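First the structure, in the form of structure tokens, and then the observations on it.
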Amino acid sequence: MKTIIFLSVLSVASSATIPGLKERIYSGTSAQPGQFPHHASVRSIETNQPNYHFCNGVLANNRWVITSAGCALYRTPTSTVIVLGAVHRVNGGTQYSIASIILHPDFDDWRFTDNIALIKTTEQVAVTAYVSPIALGSSYIGCGVLGVIPSFIPRNSDIAGVINPEDLKYLVAETISNSRCVNAYRDNSKLIPDEKICTHAVTGEMCGPTFGSGLVVANSVVSISSSTYICGEDLPNIHERLYSHRNWILSHIES
């Protein structure tokens, strides 16, 4: 049986080791400064984990970042910051404190349905050549659509020989039908409702914790990564479809 892993930020941020999990984007291309100005790094500032990147996000406007609800679960504004404009997991970028964190009211932390959350910064984000919001997709995305996924990967696991890149990586992915995705996951097919988008990598392979990374299609973000899985099993990546949550998102970020 193929294996899919859904992790909360509790396990990701504590660097929990899952035997056999290689946390990286295979064959990803290093991003250049300003190439993905919407990309956000969600980081811990707790004493035992200062400046620790544990999730990705997408800048939707000058105050709000969209990420996975699994990333925001158990987090507080005082233990978390947003870093924008960085292409390195440790250095660079501009740090913003957080005013509030909102999980989708229907988020299920067992099945990871409605896996989306909003993070509000305490001050307006300064738009520069390296930092700027991205439009939200306003139409339903079907299969056969190409997009780009940038992502940081958390620091090294305890697996021998695994070295996670510190720079921001990206790859090209193609959307596939949900029926094909369901067939690939078999026993876990109930975790792929219509609100999800599935992709497979066209260049390289994406695996490990890439939570919150945005799938960018034609200068808009259409989904965020909501799952991780064992490398080398050739499984689709599962994303939360933003179109399905567009009204909920706008009700908060435009208020």
Side-chain angles (χ1 to χ4, degrees), residues 25 28-43 53 55-69 71-72 81-89 92-96 98-99 101-102 104 115-121 123-142 145-152 167-175 195-197 199 202 206 210-226 237-255:
I25 300 180
T29 303
S30 295
Q32 299 301 310
Q35 186 174 2
F36 300 104
H38 66 276
H39 188 269
S41 172
V42 187
R43 303 185 186 183
H53 165 90
C55 274
N56 301 276
V58 172
L59 184 65
N61 63 19
N62 62 5
R63 291 294 297 277
W64 290 93
V65 168
I66 305 171
T67 189
S68 162
C71 293
V81 294
I82 296 294
V83 175
L84 298 167
V87 292
H88 192 278
R89 197 179 65 227
T94 303
Q95 179 175 298
Y96 288 88
I98 292 173
I101 300 173
I102 303 174
H104 193 285
N115 189 9
I116 188 170
L118 303 174
I119 300 177
K120 186 179 184 179
T121 59
E123 59 183 298
Q124 287 194 2
V125 171
V127 176
T128 70
Y130 306 103
V131 177
S132 63
I134 189 170
L136 302 183
S138 58
S139 60
Y140 185 92
I141 297 295
V145 177
L146 292 178
V148 179
I149 305 172
S151 184
F152 283 121
D167 52 341
L168 183 66
K169 296 285 188 177
Y170 70 93
L171 52 70
V172 176
E174 182 179 16
T175 61
E195 291 76 20
K196 304 292 186 182
I197 293 178
T199 65
V202 175
M206 176 171 285
T210 57
F211 305 110
S213 300
L215 172 63
V216 179
V217 175
N219 298 317
S220 65
V221 61
V222 300
S223 66
I224 56 170
S225 178
S226 65
N237 187 251
I238 303 174
H239 307 253
E240 195 71 28
R241 188 186 297 274
L242 296 187
Y243 176 75
S244 299
H245 304 289
R246 182 179 172 84
N247 290 340
W248 178 78
I249 294 170
L250 295 179
S251 71
H252 287 284
I253 71 174
E254 290 187 344
S255 61

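This structure is a prediction, so every number in the text was calculated from the model and none was measured.
Using cut-offs of 30° and 60° for the angle between ring planes, the Tyr243 and Tyr140 rings count as perpendicular.
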**Report entry** Stepwise side-chain contact (heavy atoms from CB on, under 4.5 Å) check, Leu136 with Leu250
**Finding:** CA-CA 10 Å; Leu136 302 183; Leu250 295 179; 4.2 Å; yes

Query raised in the report: What's the verdict on side-chain contact (heavy atoms from CB on, under 4.5 Å) for Val217 and Leu146, showing C-alpha distance, side-chain angles and the deciding distance?
Result: CA-CA 7 Å; Val217 175; Leu146 292 178; over 6 Å; no

Requested in this report: Carefully, step by step, assess His39 and Tyr170 under the rule side-chain contact (heavy atoms from CB on, under 4.5 Å).
Outcome: CA-CA 11 Å; His39 188 269; Tyr170 70 93; over 6 Å; no

Requested in this report: Take Thr67 and Val58 through the side-chain contact (heavy atoms from CB on, under 4.5 Å) test and state the conclusion after the steps.
Outcome: CA-CA 7 Å; Thr67 189; Val58 172; over 6 Å; no

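Rounded to the nearest 0.5 Å, atoms CG (Asn62) and CD1 (Ile253) are 10.0 Å apart. Atom CG of Leu84 is separated from atom CD of Gln95 by 10.5 Å, given to the nearest 0.5 angstrom. Ile102 contributes atom CD1, which lies 5.5 Å from atom CG of Leu118 (distance to the nearest 0.5 angstrom). Note that CD of Glu254 is 10.0 Å distant from CG of Asn247, once rounded to the nearest 0.5 Å. In this structure, the separation between CG on Asn61 and NZ on Lys120 is 9.5 Å, given to the nearest 0.5 Å. For the atom pair CD1 (Ile249) and NE2 (His104), the distance works out to 8.5 Å, reported to the nearest 0.5 Å.
Contact check for His245 versus Ile66: no side-chain heavy atoms found under the 4.5 Å cut-off. Looking at heavy atoms from C-beta onward, Thr128 lies out of side-chain contact with Pro37 at the 4.5 angstrom threshold. Within the 4.5 Å cutoff, side-chain heavy atoms of Glu240 are placed close to those of Lys196. Side-chain contact check for Thr175 versus Val222: every heavy-atom pair is 4.5 Å or farther apart. Counting heavy atoms from C-beta outward, Tyr96 and Ile119 have side chains that stay 4.5 Å or more apart. Looking only at side-chain heavy atoms (C-beta outward), Arg246 and Ser138 come within less than 4.5 Å of each other. In this structure, the side chains of His38 and Val216 come closer than 4.5 Å at one or more pairs of heavy atoms. No side-chain heavy atom of Val87 sits less than 4.5 Å from a side-chain heavy atom of Gln32.
Here the closest non-hydrogen pair linking His53 and Arg89 is CB-CG, 3.7 Å. Closest approach of Phe152 and Asp167 over heavy atoms only: CE2-C, 3.8 Å. Considering every non-hydrogen atom in both Ser132 and Val127, the closest pair reads CB-CG1, 3.8 Å. Here the closest non-hydrogen pair linking Ser68 and Phe211 is CB-CB, 4.4 Å. Scanning both residues, Ile197 and Ile141, for their nearest heavy atoms gives CD1-CB, 4.3 Å. Residues Ser226 and Asn115 share a closest heavy-atom pair of CB-ND2, 3.2 Å.
Judged by distance alone, the side chain of Arg241 and the main-chain N or O of Ser223 form no donor-acceptor pair under 3.5 Å. Remark: the backbone N or O of Ser41 is not paired with any side-chain donor or acceptor of Asn56 at under 3.5 angstrom.
With no hydrogens or angles considered, a side-chain donor-acceptor pair links Ser213 and Ser151 at under 3.5 Å. Between the side chains of Ser30 and Lys169, at least one donor-acceptor pair of N or O atoms lies under 3.5 Å.
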